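For reference, the structure is listed below as structure tokens.
These figures come from a predicted structure and were not determined experimentally.
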Amino acid sequence: MPLYEYYCEPCNGIFEELRPMREASDPVPCPVCYKDAKRIMPTSFAAFTFRDGYPRRIPDDGKYWHLGKKVSKLVTHARPNEHPEVNKPEPKKRKTKGEKQELQDMQELAAKRELTDLYGNEIKPEEVPDVVEQGRVVRKGTPRGL
């Protein structure tokens, strides 16, 4: 059965209905206000075809579709249901000026041997970025055993 579009004047709505061809011109009750609606010419049309195993929109613009998104090339190797253009990896988070300054200040304290971890162990200046990235507690103070 073909799909036809109908326009309801009272509620100013457009809706689609699957109907036999012989009943196409007959009015259809509106799904919102239940008044008779007249058939109109389609307001939009989209068609797809399969080429190279992927659906492509007609008229063909040379692009492919992957899970509803337009891509420029086919997938040659990737994880299932993923495309390199659609599923891009997130870039690493960049540190702000304040975070960089805080790391530098911590490294200066570590050079003076005034920076410890939660247990009072000394932290060396080159260890500071790794310790902060791991989320370990860092505080100002003299290390144990000094």
Exercise. For Pro31, what residues pass the side chain to side chain contact (heavy atoms under 4.5 Å, CB included) criterion, not counting sequence neighbours?
Worked result: Phe15
For this session: Look at atom CD of Glu9 and say whether more than 12 heavy atoms of other residues, nucleotides or ligands are closer to it than 6.0 Å.
Result: no
Exercise. Can you name the salt bridge (charged side-chain N to carboxylate O under 4.0 Å, His left out) partners of Arg136, sequence neighbours left out?
Worked result: Asp117
Seminar exercise, completed: Heavy-atom nearest pair, Cys33 first then Cys8, reads SG-SG, 3.4 Å
For this session: Verify side-chain contact (heavy atoms from CB on, under 4.5 Å) between Glu122 and Thr116, making sure each step is shown before the conclusion.
Result: CA-CA 5 Å; Glu122 180 182 357; Thr116 64; 5.7 Å; no
Seminar exercise, completed: Value for CD (Glu114) from CD (Glu108), rounded to nearest 0.5 Å, stands at 11.0 Å
Problem set entry | Straight-line distance of Lys140 NZ to Leu115 CG, nearest 0.5 Å | 10.0 Å
For this session: May I ask you to list the residues sharing a hydrophobic cluster with Val32, side-chain cutoff 4.5 Å, ordered by chain and number?
Result: none
Name each donor-acceptor pair under 3.5 Å that joins a side chain in residues 126-135 to protein atoms two or more places apart or in another chain, with its distance.
| unit_1 | atom_1 | unit_2 | atom_2 | d |
| --- | --- | --- | --- | --- |
| Glu127 | OE1 | Lys124 | N | 3.2 |

Seminar exercise, completed: Across all chains, not counting sequence neighbours, the side chain to side chain contact (heavy atoms under 4.5 Å, CB included) partners of Leu3 are Glu16, Leu18
Exercise. So do Pro10 and Cys30 actually touch side chain to side chain, heavy atoms under 4.5 Å?
Worked result: no
Exercise. Val86: what forms a side chain to side chain contact (heavy atoms under 4.5 Å, CB included) with it, not counting sequence neighbours?
Worked result: His66, Lys69, Val71, His83
Exercise. Rounded to the nearest 0.5 Å, what separation is found between the OH atom of Tyr6 and the CD1 atom of Ile14?
Worked result: 13.5 Å
Exercise. Checking side-chain contact (heavy atoms from CB on, under 4.5 Å) for the pair Thr142/Arg113: CA distance, chi angles, key distance, verdict?
Worked result: CA-CA 7 Å; Thr142 55; Arg113 301 183 77 174; over 6 Å; no
Problem set entry | salt bridge (charged side-chain N to carboxylate O under 4.0 Å, His left out) contacts in which one or both residues fall within residues 23-41, not counting sequence neighbours | Arg19-Glu23
Name every donor-acceptor pair, under 3.5 Å, that has one atom in a side chain of residues 91-101 and the other anywhere in the protein, sequence neighbours excluded.
| unit_1 | atom_1 | unit_2 | atom_2 | d |
| --- | --- | --- | --- | --- |
| Thr96 | OG1 | Glu99 | N | 3.3 |
| Glu99 | OE1 | Thr96 | N | 3.0 |
| Gln101 | NE2 | Asp105 | OD1 | 3.0 |

For this session: Please list, chain by chain and in numerical order, all residues satisfying side chain to side chain contact (heavy atoms under 4.5 Å, CB included) with Asn12, sequence neighbours excluded.
Result: Tyr7
